[in-house]
Each structure stands twice: as structure tokens, then as C-alpha cells.
Protein chains: 2
Amino acid sequence: MTQRKVISFETIRVACKNCTLSQLCLPMGMSPEDVDRLDSIVKRSRPLHRGDHLFRSGERFRSLYVVKTGSVKTYTPSEEGGEQVLGFHLPGEIIGLDAIDQDMHACSAKVLETSAICEIPFQRFEELSSSIPSLQHQMFRLLSKEISHDAEMLLLLGKKNAEERLAAFLASMSKRLSKRGLSPTDFYLSMSRHEIGNYLGLAVETVSRLFTRFQDEGLVKVDRKHVEILDLHTMESLAGVAQAMDSRQHSN
Amino acid sequence: MTQRKVISFETIRVACKNCTLSQLCLPMGMSPEDVDRLDSIVKRSRPLHRGDHLFRSGERFRSLYVVKTGSVKTYTPSEEGGEQVLGFHLPGEIIGLDAIDQDMHACSAKVLETSAICEIPFQRFEELSSSIPSLQHQMFRLLSKEISHDAEMLLLLGKKNAEERLAAFLASMSKRLSKRGLSPTDFYLSMSRHEIGNYLGLAVETVSRLFTRFQDEGLVKVDRKHVEILDLHTMESLAGVAQAMDSRQHSN
DNA sequence: AACCCCGATTGATATGCATCAAGGCGCAAT
DNA sequence: ATTGCGCCTTGATGCATATCAATCGGGGTT
């Protein structure tokens, strides 16, 4: 009687080789045969929903996860309910890399909206990457990219002011979405102002005021979660150089 | 007439298998034969001196570097002479991991004091790690550890106040030095106050005031670069929980 | 020994952002 | 439609830390 949506999901063949994200994800640079081998160890479950966890801090590390559609936030829960948001993860991005070393998750990963996720059992993955040099290489690159990205965040949190931080956040969202074939100037944010502020090291109120200011300046048009970037160029330069409005440089 | 110090350095056989750092570095968990194979691709040069660069931002990526003795700082030079210090690297720590992805160095690495450095040509390393599973595993772990460490720094810069930052810095130095068999409570800092402040996202003056305060409180004894931690336990708890002196939690 | 130089310290002041407080508004449940 | 509840926005105030300014002092040089 009621159509079960699950059916269509189960019957569609979801394979790495058909995935539009394969150029962002692990298969990059691999032969079709090797992609099949990778494909054979990847698990795909039914879609996860807002609030679901991929894993929680303290759990044993077993798998890496790749966002296929939707978005995920990672965060370190600290004592007393406070938390530090570590990142927001869009389609094609890998989650769980920080857990390899200790063989345990130090952060939690929570789904922000209905999302499809690929699970990659790590032990099997390691065996496979030993026998596929280009897979090992791609994995090294992905780990390295994560480190570069973290370094950018350190610069952001260490040196940039509130305005530059939010501009950098919006510019980053824009860039990442456009790489996935979506509009770089018109998108919906799946996270709350509170989460954005937490991520950027700012209070919610500051984030809100900045959205208002950017809108007043004609940089963006904002309606709740819906963001239109009207002047991407200015936004990017705000995000970058910081000294745009003040020729003095930070000495620290 | 003048004795050349270089001689003794050249004649000593410096091999991974004799290295006291092998349990921190790549050889961890490898068989003696495989360590020899790794050893054969590692290059060792004469000691580098304060101010020397291992590499500079923008250079082509060729090798990873491991600190054997001494210390190195990595930083991103920004326009106009400003810089963000990304990290201080002690013996056993690997430098250059962030350059794998783009095949180019995005940061520079400068030696802080006379140091011995191992160079590992990355292309050969990758070939080797394909054929030595435990080497590949150790490399994944090292990359992952770097990511975890960066996440801790994000927490530090995003949520901690000045006091907690400096306490975390000192506690971290203490822990890392003791892992290398040195005193956890008595050491010399090879970096300036300015560099510490830059790293922690603080002004030099703030760092200086905090050293004075910590000393007044009997936590440390400081004389220029020489630091003695008198109350390591309190220092560590200051570094961690943050809420020690203030029961309110940060909401952002 | 006198001098210089640069990093470190100390004090005074300024400011960016957090915090506190009070609505406003979209949206889901009734 | 009405209510209620989060989330967001806006305004007022305070504080931690940056910034500005002056001096100190250790270590190398002459």
C-alpha cells in the first residue's frame, strides 16, 4: 500500500565507479579494475538522518566514512556539555582520519541533515592499499590535505579577526560546493549559527551581527539558512589578506 | 691545524637501527631487515645551524625530514613579513607531511638551534612502504597523529584563554621531552617569546606576563630560555580543563 | 670595562569581541 | 488560527588581551 522508499535505494547499484565524487574521493587515479576492488570493501547503508552519529568519541576505530550526499559535523565533546566543532564535511570528504593513530575516535561525528555515507573498513583498506600503489598514494594525499587544511584553520583562529573568519568560512563553503558541481553563490547552510560560531571560535551573537553587516554592505543576501553571495570576489579577499582595511600588520 | 668537527660526524655510523628515536619515528614495529631497507634511502647531512632552512614555502616537495637532535619551527610566511608559526618540532618528529597533497611546500621550516636532520626522499619512501605493510601502517599512523594534534591546537586556539594556552604549551613540551628521555621539568626553550606568542595566538607581552605570573604563583621558575616546572600537576590541569577557576563554561 | 643591541619585561591605555539581556520570528504541534 | 519553543537578531555593557610606550638586562663586540 504505502510505497517503501527504501526499495529504490537498495536496488540502485551504487558503486564507486559510477560515483560523481570519485575524483574527489579515494578512487582518484586508479584503474577501473582497482576501483572495483575498492568498491568491494565499501559498505553502504540506508540514509542517515539529522542527529544520527557515525561514531562517538571514545569508540574503537574500525572504519573511515565518506560523505556521499548531505553533511556531517565532527566535534570533540568536552566535559559539561561544551564542545568544539572541528569541521563540517561535505560530499566527497573523508571522516575519521584522526582516529587511525590511537585506534580510537577522539571526536564524534553527527549527521546534520539526511545523508548517504560510505563506510570503509580500515583494516581491509590498508591491505588493499598495500597492493595498489595509486591507492596508497591517494590516501597519503588525502591525509596530507587534511593536515594542510588544519594549518589553514590554525592561521584563521590564531591571526584572523571575526570578520575575516566568517568571510573565510563562506568562501570555503562556496569553493567546496562548486567543486561538487553546485552553485558557488547560492546555497543552504545545514548548520546553525551556534555551530558556525563554535567552529570559528566566535560567539553566536558575533556571527549573527556579521551576517547582518555583510548583508548591509551588499556582500551577501541571507535568509535564515539560505545564503546568496552577491560579491564573491570581495568575500574572498576579505577572507584572505585581512589587512585590507588596516595597513598595520598583526605583530603576534 | 684547526680540528674539523665535521670529521667525527662523518665517520660515526648513523643508522636507523641504532637510533634512540626509532620507537618514535618510522621504524616502529618493523623487522630489522626492513629497517635496513628504510635506512638505505635515508640521507643524513652535516648538522644544520640556527636560521638554516630545511625548505621554504613554494618549493617543490621532494623529501620528508625527521629531527634527530635540536629543534625546528615551521611557519607560513604571509605577505609583508608577518608569519604564523605552525609548530615546533623536537627529535623524532616528522616535518613536511602537509606538502604531500599539493606536491609543494606551503610552509617553511627553519632550524632553531644546531640540529641533525634525516632526509627521506618521498618517492622512494612510497615505493618502500608499498612493500612493507608495517611501514605503510606506521606512516598512516604518523599522518593521523598529526591530524589529531592539529585538532588539539584548534581547540586550544578556539576555546582556551591565554593562561590555558601557555600552560598547555609548557605541559606539551614537558611531555614530549620526557618521551625522549629528557627531564620533564627542567629544560631550555629554543624559541623566543615572540615565537611562542605567535604560535599560541597571543602577543609577546601577554606571554611574558604569564611567565611572570606563573613564577609568582610558584608554578615555574623561569630564567630567560631556562624553564623549571615546579608544579607539573597543576600546570597540566591548568592546560586541560580550563574551567578550573571559573565554573561558567564558554558557550561558543 | 664600556658599549650596544635586541629580546624580554612592565605599565598604561584602547578595543574587539564575549557576555548579558530582551525581544522577534519561523515553524511545528495543538 | 493560536500557542509555544528554539533559533536568531539586536542592543548595552564588561573584560581579556592587544597595542602603545618605556625601560631593563644579558651577551657579544670593541
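Here is the naming used below: chain letters follow the sequence lines, and residue numbers restart at 1 for every chain. This is a predicted model, so every value here is computed, not measured.
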Can you check whether A:K225 has a side-chain N or O nearer than 4.0 Å to OP1 or OP2 of D:dC8?
yes
What is the distance, to the nearest angstrom, from the CG atom on B:D223 to the C1' atom on D:dG25?
11 Å
Less than 4.0 angstrom between a side-chain N/O of B:S208 and OP1 or OP2 of C:dG7, yes or no?
no
Who pairs with B:H226 by ring pair (Phe, Tyr, Trp, His ring centres under 6.0 Å), at least two apart in sequence or on another chain?
B:Y188
Whole-Å gap separating P (C:dG16) and CD (A:E164)
12 Å
Are B:T206 and D:dT17 close enough that a side-chain N or O sits under 4.0 Å from OP1 or OP2?
no
Roughly, in whole Å, what's the span from CG in A:D216 to C1' in D:dT10?
12 Å
Can you check whether A:S71's main-chain N or O pairs, donor with acceptor, with A:S115's side chain at less than 3.5 Å?
yes
Using the closest heavy atom to pick a nucleotide of DNA chain C for each, name whichever of B:R209 or A:R165 lands nearer the 5' end.
B:R209
Where the side chain of A:N198 meets the backbone of A:V85, is there a donor-acceptor pair that is under 3.5 Å apart?
yes
Considering only side-chain heavy atoms of B:V204, which listed nucleotide, C:dT9, D:dT19, D:dT9, is closest?
C:dT9
Atom-to-atom span, CG of A:L166 to P of D:dC8 - whole angstrom:
13 Å
When the distance from CZ of A:F211 to P of C:dG24 is rounded to whole Å, what number comes out?
23 Å
Less than 3.5 Å between a donor and an acceptor, one on the side chain of A:R213 and one on the base of D:dT9, is that the case here?
no
Just how far, in rounded Å, is P of C:dA8 from CD of B:Q215?
15 Å
Nearest-nucleotide check on DNA chain C, A:A162 vs A:R224; residue mapping nearer the 5' end is A:A162
Any donor-acceptor pair under 3.5 Å linking the side-chain atoms of B:T76 with those of B:Q84?
no
Please confirm whether the shortest side-chain N or O distance from B:R193 to OP1 or OP2 of C:dT9 is below 4.0 Å.
yes
Interatomic distance where OH belongs to B:Y188 and C1' belongs to D:dG26 [whole Å]:
14 Å
Sub-3.5 Å donor-acceptor pair from the side chain of A:E195 to the main-chain atoms of A:S192, do we have one?
yes
Determine whether any donor atom in the side chain of A:E205 lies under 3.5 Å from an acceptor atom in the base of C:dC20, or the reverse, and answer yes or no.
yes
For A:N161 and D:dT17, give me the distance from atom CG to atom P, rounded to whole Å.
17 Å
